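Throughout, numbering of the chain's residues begins at 1 and tracks the sequence. Here the structure is a predicted model, which is why all the values come from computation and not from measurement.
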Amino acid sequence: IGVENPFTMGTARMSSCIPHNRKSEQASLQWRPEIPERGAYSVYISYKSLPNSSTSAHYTVHHLGGESHFAVNQKMGGGTWIYLGTFEFAEGSQGYVTLDNSTPEGWKHSTGSVVTADAVRFGGGIGNIARGEVRDSSGVIIADPYVSGMPRSAEAARYWLQWSGADTTVWHLNEGQNDYRDDFMSRGDWVAWMSGESAINLKKSGKRIPFDLALGFHSDAGVTTDSTVIGTLAIYTYKSEKETTFETGDTRMSSRELADLVQSQIVHDLRHNSCSDWSRRCVWDRGYRESRTPTCPSMLLELLSHQNFNDMKYGLDPTFRFTTSRAVYKGMLKFLCNRYEMPYVVQPLPVRNLAVSFTADSLSKDLSSVRLSWEKTDDPIEPTAYADGYILQTRVDNRAFDNGVKLDKTELKDGRLYTNLEIEPGHIYSYRIVAYNKGGKSFPSEIVSIGIPQQVDTAKFFKRILIVNNFDRVSGPAFFETETLAGFISEKESGVPMGKEIAFTGEIYDFNKASEFTSNNNPGFGASHCDNFGKVIAGNTFDYAQIHGKAMIAAGYPFCSCNKEVFCSDSTFRDSFWTADLICGKQLTTVMPDGSEKFKVFTYEMQDAIKNFTSKGGNMLVSGAYIATDIWEKVYPIQTDTTYRKAAIEFAEKTLGYKHNCNYGSRNGSLQMTAGGALKWTDLDGYKYIYSAPNTDFYCVEHPDGIAPASKEGKTIVRYADTGAPAGVAFKGKQYRTVCYGFPLETLKNEGDIFSIIHSSLAFIAE
């Protein structure tokens with residue numbers, strides 16, 4: 001409730017630094033938390049800055065992926081939280097952080113320098129500052145303050161700053177009477193506090209961190225009545241407290257340069273990648289605090305209007321978010337390189353079209369040598385974003401990905417890059433590639449996996465399985481629009497976040513375009529519930545081959561995996577497998593904000609590849625939420641292609657052996673195996689459940705498909721328990737067999753159920 005500062009309530013430890021080669025004198029300190037559950041946790045450190053503090057204090061984070069080392073300049077940043085990174089930790093006390101007094105190899109301590117230690121924080125934390133008391137007209141408290149219970153990242157900056165060591169001159173500007181004003185007023189002042197006593201802000205007391213720039217990211221207000229977007233506005237402040245220069249003597253017009261570069265980059269990239277008519281609004285000179293009070297070039301970015309339906313169709317699209325974020329980064333990069341008179345290089349885009357396979361031919365028992373391949377991704381709008389090299393990151397079984405190793409040797413053939421690797425039986429190896437250049441590292445690629453059973457069963461060993469990732473969809477939720485109504489309907493189709501979604505507050509309840517804003521409690525058109533505020537929603541991780549492969553290995557089959565483009569384009573590679581397991585996830589023809597359509601389940605190329613594969617005796621295991629709906633019906637307002645629909649229906653019925661039964665097969669995601677049918681189930685007890693509602697653990701399927709046999713050669717093998725609708729079909733073709741499910745196998749909540757279904761399916765195929 002008060003103005004407590006936790007960083008003034010304790011002491012720090014100190015130790016003299018020693019050279020790297022005097023290990024016998026090394027002293028170390030360890031922070032070992034009890035992690036409540038496995039997951040990715042951010043790690044923050046704190047210490048005390050002294051005149052003789054080390055410029056290279058050696059911290060080591062011990063996590064599931066190995067060790068990560070950091071050399072931290074403790075002359076700056078003491079008395080607040082300093083972020084090291086986000087790492088995966090196991091449940092329990094296996095993960096920890098150490099600080100020692102030796103010099104990291106390749107670094108030097110100043111003579112007489114010391115390291116200090118205060119605290120380490122794992123995770124972002126939960127809000128713990130009680131606010132919100134209500135007083136009557138006489139000043140008597142009639143409602144007590146309360147703690148939000150939300151993640152600290154979802155709270156106002158004002159509360160975060162108090163718990164991060166900032167003094168009251170930063171976050172208590174309205175003396176506790178107006179937290180809303182404290183929130184937006186504190187952000188620019190935080191920059192001045194952090195940079196105090198540094199070269200850019202010598203006169204103010206602070207943390208000695210010399211900031212290069214500051215950017216506030218906003219979505220402004222405004223509604224259009226037609227199908228246009230509001231677009232992007234940039235704001236800077238030329239004159240602050242009658243001054244037109246920063247303390248360094250640099251002109252404040254540099255803020256305008258920053259605003260112009262960032263806005264120009266956003267508009268350019270969006271017009272090229274997402275929206276050809278994205279609107280560029282003004283570059284304003286205004287006295288807003290976030291652009292006025294920072295002690296370095298700064299701007300306010302009003303990216304779009306969160307109150308305008310057409311803007312938000314873009315704002316909820318993960319691809320738009322990626323393009324925009326990359327554009328902001330590029331704009332800031334170009335500004336800094338202009339300022340320091342150096343050429344800029346933009347980090348590469350993620351590589352694509354991965355595949356991992358056995359190098360031995362189909363008759364060889366030696367499968368320990370494997371080959372990983374991928375294609376580089378050129379950036380047509382940024383020629384400097386060219387990869388200089390690649391980093392291989394590896395995960396063995398259920399551990400975490402390691403920090404990676406640079407690949408010194410790669411082969412290039414037919415536009416694909418290759419590297420050879422070794423694996424051991426009884427384990428599942430998963431790989432991803434990170435491209436790098438002088439500008440930095442790309443995001444990691446999608447993930448491919450490979451494995452060999454520990455015990456070799458000759459009858460199964462040569463029946464190798466190819467797992468194909470056909471699920472690359474990321475999108476916003478389903479939407480609709482009429483003359484008077486519009487909105488998003490997550491309950492119908494929540495879309496697919498890229499990795500995870502942190503901004504979903506709840507379902508929309510006001511779809512009336514004419515509803516006007518009257519208050520925060522009655523915000524009008526687009527208003528939504530807040531029951532999901534602060535929650536993290538799981539999305540597409542591009543990491544499902546390992547889940548399926550674990551069941552394959554347990555059943556005695558070797559497997560490897562590839563991207564769908566590789567499966568469609570490389571018939572020689574494809575035809576070497578006994579069975580293909582096609583992961584369709586929530587792949588669904590989706591209308592993008594610009595009106596284009598993406599993410600069709602069975603493209604013409606995929607249909608041709610499967611028909612070619614099965615004509616040569618290859619078997620198919622297919623699972624996905626929309627493998628029928630995307631052919632017979634539609635979820636988004638797509639333009640129906642009657643020629644495609646006719647071909648796709650014939651393909652589903654004659655090649656895969658199923659037909660559409662219903663779009664909404666189950667409400668609660670419950671499954672019941674069919675006894676005495678085509679499949680001999682390894683486990684028939686009880687219902688099986690899939691993730692049917694948004695959650696933090698796994699992407700969800702709100703409405704799985706009901707599919708039925710298309711001919712007498714097919715049999716229903718599983719039904720949805722709550723509706724009785726058929727959920728799976730086993731089909732005997734002339735030269736091959738297929739097993740198809742109207743729900744993604746990886747969304748089953750119980751791993752044993754995934755094993756049971758895959759084992760039983762493979763047993764049917766092998767008959």
Side-chain angles (χ1 to χ4, degrees), residues 470-471 544 547-548 551-552 555 579-587 601-602 610 614 619-632 651-692 701 703-733 736-750 752-767:
N470 189 38
F471 176 31
Y544 309 110
I547 298 173
H548 287 230
M552 309 291 184
T579 294
D581 173 12
L582 191 69
I583 297 174
C584 297
K586 287 181 75 174
Q587 199 77 353
V601 178
F602 295 113
I610 292 175
T614 54
N619 307 290
M620 293 296 304
L621 173 60
V622 180
S623 64
Y626 300 114
I627 61 172
T629 293
D630 201 45
I631 296 174
W632 276 269
F651 161 75
E653 292 182 343
K654 294 186 177 180
T655 302
L656 295 179
Y658 69 85
K659 64 181 179 180
H660 179 252
N661 177 266
C662 63
N663 294 14
Y664 305 97
S666 174
R667 178 73 172 174
N668 64 9
S670 59
L671 298 159
Q672 189 171 24
M673 308 298 106
T674 302
L679 268 65
K680 298 178 178 62
W681 295 108
T682 59
D683 177 17
L684 277 175
D685 294 338
Y687 293 163
K688 321 296 181 185
Y689 288 92
I690 63 174
Y691 290 99
S692 58
V701 176
H703 305 293
D705 267 355
I707 61 172
S711 67
K712 63 181 181 180
E713 285 76 25
K715 302 293 181 183
T716 296
I717 53 175
V718 59
R719 293 182 180 276
Y720 296 109
D722 57 333
T723 65
V729 172
F731 172 71
K732 294 182 180 180
Y736 65 93
R737 294 189 176 193
T738 70
V739 182
C740 300
Y741 295 98
F743 57 92
L745 296 180
E746 63 274 9
T747 59
L748 283 156
K749 294 183 178 181
N750 186 287
D753 293 337
I754 299 175
F755 278 36
S756 175
I757 287 182
I758 289 182
H759 288 194
S760 300
S761 301
L762 294 176
F764 167 78
I765 290 173
E767 287 179 359

Walk me through whether Tyr741 and Leu671 qualify under side-chain contact (heavy atoms from CB on, under 4.5 Å). CA-CA 11 Å; Tyr741 295 98; Leu671 298 159; over 6 Å; no
Does [Y] offer a backbone N or O that forms a donor-acceptor pair with the side chain of [X] under 3.5 Å?
X	Y	result
Ser760	Thr682	yes
Tyr720	Asp705	yes
Thr723	Gly665	yes
Asn470	Leu582	no
Asn668	Ser670	yes
Asn661	Ala708	no
Tyr736	Thr655	yes
Ser761	Ile757	yes

Using a 4.5 Å cut-off on heavy atoms from C-beta on, say whether the side chain of [Y] contacts that of [X].
X	Y	value
His548	Ile758	yes
Pro726	Ile707	no
His660	Ile631	no
Lys732	Phe764	yes
Asp581	Met552	yes
Val622	Thr738	no
Lys688	Asp683	yes
Arg719	Met673	no

If I take atom [atom1] from residue [X] and atom [atom2] from residue [Y], how far apart are they, to the nearest 0.5 angstrom?
X	Y	atom1	atom2	value
His759	Trp681	NE2	CH2	12.0 Å
Asp630	Asn663	CG	CG	10.5 Å
Leu748	Phe755	CG	CZ	12.0 Å

Minimum heavy-atom distance [X]-[Y], with the two atoms named:
X	Y	value
Phe731	Ser711	CE1-OG, 3.8 Å
Gln672	Val718	O-CG2, 3.4 Å
Glu746	Tyr544	CG-CD2, 3.8 Å
Pro709	Lys659	O-CE, 3.4 Å
Ala551	Ile754	CB-O, 4.5 Å
Ile717	Ala730	CG2-CB, 3.7 Å

Taking the cut-offs as 6.0 angstrom to the six-membered ring centre and 45 degrees off its axis, would you call Lys749 and Tyr691 a cation-pi pair?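 Output yes; distance and angle both within limits.
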Output, in order, the C-alpha distance, side-chain angles, deciding distance and verdict of side-chain contact (heavy atoms from CB on, under 4.5 Å) for Lys586 and Phe471. CA-CA 7 Å; Lys586 287 181 75 174; Phe471 176 31; 4.0 Å; yes
Thr674/Lys715 under side-chain contact (heavy atoms from CB on, under 4.5 Å): CA gap, chis, key distance, verdict: CA-CA 10 Å; Thr674 302; Lys715 302 293 181 183; over 6 Å; no
Test item: side-chain donor near acceptor, Asp722 and Ser666, under 3.5 Å: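 A donor-acceptor contact under 3.5 Å links the two side chains.
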Once you measure the plane-to-plane angle for Tyr658 and Trp632, does it fall in the parallel (<30°), tilted (30-60°) or perpendicular (>60°) bin?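 Rings of Tyr658 and Trp632: tilted, as their planes differ by 30° to 60°.
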Apply side-chain contact (heavy atoms from CB on, under 4.5 Å) to Val701 and Phe743, showing your working. CA-CA 8 Å; Val701 176; Phe743 57 92; 5.6 Å; no
